[in-house]
Each structure stands twice: as structure tokens, then as C-alpha cells.
Amino acid sequence: MKVKRKIMVCLLCLLLISTPARPAETAAAFPIVGLIKAAAKKVIKAIDLRIQRLQNKTIWLQNAQKKIENILSKLKLNEISDWTQKQRDLYRDYYEELTKVKSIITYYQLIRDVSQKQIRLVNEYERAWTLFQQDSHFNEAELDYMQKVYSGILDESVKNIDQIFLILDSFTTQMSDAKRLEIINAAANQIDVNYNDLTLFNRQNVLLSLQRAKTQHEVEAVRRFYAIPK
């Protein structure tokens with residue numbers, strides 16, 4: 001809600017600014033954007049490697065489990081009096097390990113999806129911000145307001161990345177499955193909120209640019225510039 005209120009305030013300010021629009025000088029992109037994208041890509045790469053290793057381990061465990069089941073089938077466990085508790089525990093351990101590995105793979109895939117969402121958000125910001133800086137319908141003061149809104153959204157993105165790293169670290173520390181899912185879902189939901197706020201803000205800025213176009217020819221030029229379908 002805070003981000004949405006910030007967006008509405010900034011849009012009102014954009015509409016109230018009466019300074020004549022002039023070609024905007026290229027403003028420096030937020031340094032944090034590159035860090036967010038790099039961090040998200042690093043997470044995805046790390047997850048892909050871990051998933052690959054876990055999948056290999058899963059195949060090995062499944063093969064081992066199959067061999068044990070074949071042995072059990074041939075020996076008819078209930079009829080063998082000298083079947084030791086150690087052998088029973090071995091089979092149970094294989095099964096539990098297999099279940100654990102499959103569960104971790106599921107978590108990694110969920111985290112990977114969250115990271116991909118984060119990258120899409122940053123890409124959308126970069127695309128829109130590059131265009132707005134080149135749009136002569138916005139002046140420097142208005143671009144400054146845009147930066148403030150983007151800054152708030154990107155600050156939230158940093159928190160999402162921190163949550164992702166927290167989950168990755170949780171596999172080497174004690175954390176319940178319920179807590180992991182809670183954090184993953186919270187991060188995913190927040191990224192969705194941020195992305196929706198970002199795209200809404202971008203759409204409204206594009207609309208403002210269209211409203212400032214003085215001729216039909218200029219309107220068509222704006223539509224082409226932002227790739228707006230007819």
C-alpha cells in the first residue's frame with residue numbers, strides 16, 4: 001500500500017508540474033539495479049548446479065532403492081529370521097534420504113522461479129526507464145520524481161533477494177519446511193506486488209506522454225516509440 005500511495009503522489013506531481021518539457025539528459029541508472037540482476041542470476045546459477053547434483057543423487061538413490069527392493073522381494077523378508085535391524089535401517093535410510101532430496105529439489109525450483117520473477121522486474125524497469133529518459137514530453141524534474149518511485153520499488157527488490165539468500169542458507173541450518181515455504185511465498189507475493197506497481201506506474205507515464213502529444217502524427221509517433229498496439 002505504501003508503494004501504491006507513493007506512485008499516486010508522484011503521478012499527481014507529474015501532472016501539476018508546468019515547466020515546459022525538453023529533451024531529458026540521460027540520467028544515471030540506479031547502481032543497485034545491476035546488483036539486483038547479478039544477485040538474482042547468481043542465485044539461479046547456483047540453484048541450477050545444486051538441482052543437477054541433487055538429480056544425480058536422486059537417480060543413484062532410486063537405483064539403490066530398486067536393488068534393495070529386488071533383494072527384499074527375492075528373500076521374502078518376513079520369512080527370513082536372520083534379517084538384521086541394521087539391514088532394515090539401511091533400507092529405511094535410503095528411502096528417507098530419497099524423500100529429503102526430492103523435497104529439496106522442489107524448494108530449489110520454487111526459489112528459482114522467484115529469482116526469475118526478480119529478473120523480469122528489473123528488465124521491465126530498465127526498458128521503461130530507458131524510454132522515459134528519451135521522451136521529450138518529460139522534463140528533468142519529472143524524471144527525478146520517476147526515479148524516486150523506482151527507487152522505492154527497487155529497494156523492496158533488495159529485500160526479496162535477501163529473503164532468497166536466507167532460504168538458500170536455511171538448508172545448512174535448522175529451519176522447518178513450513179517456515180521455508182512461508183518465506184518463499186512471502187518473497188514471491190512481494191515481487192508480484194512490486195512488479196504490478198512498476199507496470200502500473202509505467203503505463204500511467206506512457207498515458208501521460210500520449211496526452212501531451214499535440215497532433216495525431218505525434219500521437220502515432222509516441223505509440224510507435226512505446227510499441228503500443230493499435
Side-chain angles (χ1 to χ4, degrees), residues 1-41 44 113-164 185-230:
M1 292 300 293
K2 290 182 179 178
V3 174
K4 289 182 178 178
R5 285 199 297 270
K6 189 183 295 182
I7 288 175
M8 296 307 298
V9 170
C10 289
L11 285 171
L12 287 173
C13 291
L14 285 174
L15 291 169
L16 291 172
I17 292 174
S18 58
T19 307
R22 61 181 181 276
E25 298 178 359
T26 303
F30 297 112
I32 200 171
V33 172
L35 296 177
I36 293 172
K37 185 181 286 188
K41 288 183 176 179
I44 291 174
D113 291 342
V114 171
S115 302
Q116 289 283 15
K117 283 186 176 183
Q118 192 71 46
I119 290 177
R120 286 197 297 272
L121 183 149
V122 174
N123 286 341
E124 175 61 19
Y125 151 73
E126 289 181 321
R127 183 196 66 80
W129 179 232
T130 299
L131 292 175
F132 291 145
Q133 290 179 100
Q134 300 174 49
D135 191 336
S136 60
H137 293 121
F138 299 114
N139 57 47
E140 291 181 16
E142 291 171 326
L143 291 174
D144 286 341
Y145 278 108
M146 289 184 192
Q147 277 194 319
K148 290 177 182 178
V149 175
Y150 286 132
S151 180
I153 295 174
L154 294 173
D155 283 345
E156 289 297 320
S157 294
V158 175
K159 297 177 183 178
N160 296 330
I161 290 291
D162 289 341
Q163 292 300 303
I164 292 172
N185 289 333
N189 291 338
Q190 187 56 51
I191 291 175
D192 287 339
V193 170
N194 293 341
Y195 186 82
N196 291 337
D197 288 340
L198 181 76
T199 54
L200 173 62
F201 184 62
N202 291 342
R203 285 196 302 270
Q204 291 175 325
N205 283 330
V206 171
L207 178 61
L208 182 57
S209 180
L210 280 169
Q211 291 172 344
R212 289 177 173 178
K214 294 180 174 60
T215 65
Q216 185 60 35
H217 177 73
E218 193 176 352
V219 169
E220 293 301 322
V222 171
R223 295 179 70 90
R224 288 194 299 273
F225 183 69
Y226 289 106
I228 302 172
K230 293 183 179 181

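One-based numbering along the sequence shown. From a predicted model like this one, the values you see are computed outputs, not experimental measurements.
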Colleague: Does a side-chain heavy-atom distance below 4.5 Å link V114 with I191?
Modeller: yes

Colleague: Could you tell me which non-hydrogen atom of A187 sits nearest to which non-hydrogen atom of Q163, and how far apart they are?
Modeller: CB-CB, 4.2 Å

Colleague: Testing the basics here: between S209 and D135, what is the closest heavy-atom pair and its distance to 0.1 Å?
Modeller: OG-OD2, 2.6 Å

Colleague: Can you find a heavy atom in the side chain of I36 that is under 4.5 Å from one in the side chain of Q118?
Modeller: yes

Colleague: Is it true that a side-chain atom of S151 and a backbone atom of Q147 form a donor plus acceptor pair closer than 3.5 Å?
Modeller: no

Colleague: Would you give the length of the straight line joining atom CG of L198 to atom CG of N194, rounded to the nearest 0.5 angstrom?
Modeller: 8.5 Å

Colleague: Is there side-chain contact between L143 and W129, with heavy atoms separated by less than 4.5 Å?
Modeller: yes

Colleague: For the residue pair Y226 and F132, is the inter-centroid distance of their aromatic rings smaller than 6.0 Å?
Modeller: yes

Colleague: If you define the side chain from C-beta out and look only at heavy atoms, does anything of D197 sit under 4.5 Å from E156?
Modeller: no

Colleague: Are Y150 and N202 packed together at the side-chain level, in the sense that at least one heavy-atom pair is separated by less than 4.5 angstrom?
Modeller: yes

Colleague: Please lay out, stage by stage, how K37 and E126 fare under the test side-chain contact (heavy atoms from CB on, under 4.5 Å).
Modeller: CA-CA 11 Å; K37 185 181 286 188; E126 289 181 321; 2.7 Å; yes

Colleague: If I take atom CG from residue N205 and atom CG from residue L131, how far apart are they, to the nearest 0.5 angstrom?
Modeller: 11.5 Å

Colleague: Nearest 0.5 Å, please: how far is NZ in K117 from CD1 in I164?
Modeller: 10.5 Å

Colleague: Testing the basics here: between R212 and F138, what is the closest heavy-atom pair and its distance to 0.1 Å?
Modeller: NH1-CD2, 3.9 Å

Colleague: Drop me the distance from T130's OG1 to Y125's OH, to the nearest 0.5 angstrom.
Modeller: 7.5 Å

Colleague: Mind checking the CD1-CZ spacing from I228 to R203? Nearest 0.5 Å is all I need.
Modeller: 11.5 Å

Colleague: What distance separates E220 CD from L210 CG, expressed to the nearest 0.5 Å?
Modeller: 9.5 Å

Colleague: Sequence neighbours left out, what passes side-chain hydrogen bond (donor to acceptor under 3.5 Å, both in side chains) with R127? Give chain and number order.
Modeller: E124

Colleague: Could you point out which residue of Q211, E142, E218 forms a side chain to side chain donor-acceptor pair (under 3.5 Å) with H137?
Modeller: E218

